[in-house]
Amino acid sequence: LLLLWTFCEWPELLVSNSQREIWKWWEEEPKYEDSIKWMSLRHNGPAFPPPYERLPDNIKFYYNGEIVTLNSEAEEVASLYAKMLYHELTRDETFCKNFFTDWKDAMSPEVKDVIAALDQCDFREMAAYYKRKKTNEKVQQEFGYFFLDGHKQRIGNSPSRGKLKKKILPEDVTINCSEKEIPEPLPGCSWGQVQHNSAVIWLASWKESPPGKLKYMMPHANSKLMGERDWKKYEVARRLKHHRDHIQEQYRKDWDSEDKSLQQRGVVLYLIDKFALRVGNKTKEGMMANTFGCCSLRVKHVTLHEDHKGETKKLEFNFMGKSSILDKKMVPVEEKVFRNLQLFKEEKGERGEADLFDHVNPQVLNTYLKGLTKGLTTKVFRTHIASITMEQELKNLTHHIKDKVSSFNEANRKVAELCNHQRTKPALHWFELQVTIEASRDELSLSKKKLEQAMQGSSTEELKNDVKRKDDELRELGVNSSMEENKQLNLNSSKLYYIDPRIIVAWCIKWGVPVEKIYTKAQRDKFAWAIHMNDENFEF
DNA sequence: AGCCAGACTTGGAAGAATTTTC
DNA sequence: GAAAATTCTTCCAAGTCTGGCT
């Protein structure tokens, strides 16, 4: 009976995704123009977290060992801190200072009188309580989907996210949907705005309070709207092969140009075309993280090396790229590029902080490229080069050293290296490390003791090995803690954003490798269009 | 012509789930 | 059978690029 009742309540949601029929949108004829993204768009809007619930009576907050009852608002803010009590950040002085200031604003005068220092606060009971509490899956069921032209589709980012920022209310949210399908806001609330703009694909948007940046509720990567764009992206990147010769010819001419902006454009385009650099827009001058791309490179980021015979010209990049990932590599360049760069550096009097390419910017570049072929922008080069490289690497794989999947990963690794996709092996935090080292040292001395005791007897071989192993372990801990060389390549980004999935599908068919070995479930959903095309002869 | 809000794309890290190892 | 290692998913920050404004 219970089952039946549940079934009636959520008939569609009980059918798991794998059992559902897939909407093969890629087999359909386009029903409307490119500029129109949808005919009907229905969804429930973002989910809002329920109003704050007070702590149960048995969970207490202590100040200086005494129980203190916080007013509701102060308790709510305290709960945010309690939830991350064991996080490294709570040992950060600035973090604590900022939090304490904001927290005080939420306190009633009486409470404020009592609480004078953060380090006298005991959040441990609260922290334990929240750790037990589980998030509610029902929210995902009700709000995790939208309907595009009658088809059910998953929503991408979770609408209820956003930690310490100001709470988002329905009044802050703009809804984008079909005319007659406006979602219900929370009782007693109304939406900030409702629009019916079929030229865009987002479902809801709002301004995030401290940074003032726009946030969007977008369709999931496996939805038609996202898949269609992805497909189109790879088609544009594919078409670049028909224009690359001409582009190269053109920029070679520009190297000799009298016009400084043409000359710089030529060199920049060469670097992007050869080394798959990002274009390098101006980054928002937030207090920290000065990052760079091709157009924004400074003089100090590029070092020129000429070997003693003056035969090979090399360029050394050394700069912080997107997400503050270090891009450091030595690459050979053509003579004229080398001379031009020398010139650009000299012009700035070798001042390290000066912009290396002061006569070009991303807009200029993109305007030029768009004139060459529709849809061409600088980022297309990265996609193109990555896909071409992968295709070539896979073609070169005539035999498999270990197994097919390992060979595949080798090819993938080349692409990741090219795109400079890194991943930092999470280093143990300092104090965790101390604890680990301590424990490791104890184990070692214990084993040594055992060995000594056993020396008189026989069969000490095993114990000797044990000591040796533990000694090595301890030594390794010391090495790892000294950090550096913790950088590893991350193959996921190139696989998800740069390599045309049809190249991979074709390879899988050719070598009889199940696609499941290469793409995870989520990735197969994202690339469903390519997998279903099932084209063994696909050539990028 | 330069600037910036708006709308997407791309990225590594954290956290969850799963597999492997001891 | 638990802990450790690895893999996968989610999260949301950090990029790109367009087009409208001044």
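All of these numbers come straight from a predicted model, not from anything done at the bench. Letters A, B, ... mirror the listed sequences (proteins, then strands); counts begin at 1.
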Inset, instruction - Figure out the CG/P separation between A/Asn281 and B/dT10, and round it to whole Å. - result: 14 Å

Legend entry - Check: A/Asp358/A/Gln264 side-chain N/O donor and acceptor closer than 3.5 Å: yes

Legend entry - A/Arg278 vs B/dG11: side-chain N/O to OP1/OP2 distance below 4.0 Å: yes

Inset, instruction - Side chain of A/Gln363 only, please: which of C/dC8, B/dC8, B/dC3 is the nearest? - result: B/dC3

Legend entry - Under 4.0 angstrom between A/Tyr498 side-chain N/O and B/dT9 OP1 or OP2: no

Legend entry - Test side-chain contact (heavy atoms from CB on, under 4.5 Å) applied to A/Lys517 - qualifying residues, sequence neighbours left out: A/Val405, A/Val513, A/Pro514

Inset, instruction - Tell me, please, which residues at least two apart from A/Lys370 pass side-chain hydrogen bond (donor to acceptor under 3.5 Å, both in side chains). - result: none

Inset, instruction - Output yes when at least one side-chain N/O atom of A/Lys521 is less than 4.0 Å from OP1 or OP2 of C/dT7, else no. - result: no

Legend entry - Residue A/Lys213, side-chain atoms from C-beta onward, closest of B/dC4, B/dG2, C/dG15: C/dG15

Legend entry - Euclidean distance, atom CG of residue A/Asn492 to atom P of B/dT10 [Å, nearest integer]: 14 Å

Inset, instruction - When you get a sec, tell me which of B/dC8, C/dC17, C/dG15 is the closest nucleotide to the side chain of A/Lys322? - result: C/dG15

Inset, instruction - Check the distance between C/dT9's C1' and A/Asp525's CG and give it to me in whole angstrom. - result: 12 Å

Legend entry - Selection from B/dG12, C/dG15, C/dT16 that lies nearest to any side-chain heavy atom of A/Asn490: B/dG12

Inset, instruction - Starting from the 5' end of DNA chain B, give me the residue, A/Asn197 or A/Asn361, whose nearest nucleotide shows up first. - result: A/Asn361

Legend entry - Spacing between A/Leu491 atom CG and C/dT7 atom P, to the nearest angstrom: 10 Å

Report, one line per pair, each donor and acceptor closer than 3.5 Å where one atom sits in a side chain of residues 269-281 of chain A; sequence neighbours left out.
| unit_1 | atom_1 | unit_2 | atom_2 | d |
| --- | --- | --- | --- | --- |
| A/Tyr270 | OH | A/Glu334 | N | 3.3 |
| A/Asp273 | OD1 | A/Arg244 | NE | 2.6 |
| A/Asp273 | OD1 | A/Arg244 | NH2 | 3.1 |
| A/Asp273 | OD2 | A/Gln248 | NE2 | 2.9 |
| A/Asp273 | OD2 | A/Tyr251 | OH | 2.7 |

Inset, instruction - Starting at atom CG of A/Asp327, determine the distance to atom C1' of B/dG11, rounded to an integer number of angstrom. - result: 14 Å

Inset, instruction - With the side chain of A/Tyr497 defined as its heavy atoms from C-beta on, choose the nearest nucleotide among B/dA7, B/dC4, B/dG11. - result: B/dG11

Inset, instruction - Determine: side-chain N/O of A/Thr520 to OP1/OP2 of C/dT9, distance under 4.0 Å, yes or no. - result: yes

Legend entry - Nearest to side-chain heavy atoms of A/Glu208, which nucleotide of C/dA13, C/dT16, C/dT18: C/dA13

Inset, instruction - Measure from the side-chain heavy atoms of A/Ser323 and tell me the nearest of B/dC8, C/dA13, B/dG12. - result: B/dG12

Inset, instruction - Check whether any side-chain N or O of A/Arg423 sits under 4.0 Å from OP1 or OP2 of B/dA13, and answer yes or no. - result: no

Inset, instruction - Using five base pairs at each end, measure the axis-to-axis angle across the helix from B/dA1-C/dT22 to B/dC22-C/dG1 and round it to 10 degrees. - result: 20°

Inset, instruction - Identify, residue by residue, the members of residues 370-378 of chain A with a heavy atom below 4.0 Å from DNA chain C, and return them in order of residue number, or none. - result: A/Lys370, A/Thr377, A/Thr378

Legend entry - Rounded distance in Å - CD (A/Gln193) to P (B/dG6): 10 Å

Legend entry - Spacing of A/Lys207 atom NZ relative to B/dG6 atom P, expressed in whole Å: 5 Å

Legend entry - Between C/dA14 (P) and A/Lys282 (NZ): distance, integer Å: 19 Å

Legend entry - By salt bridge (Lys or Arg N to Asp or Glu O under 4.0 Å) - contacts of A/Lys282 (at least two apart): none

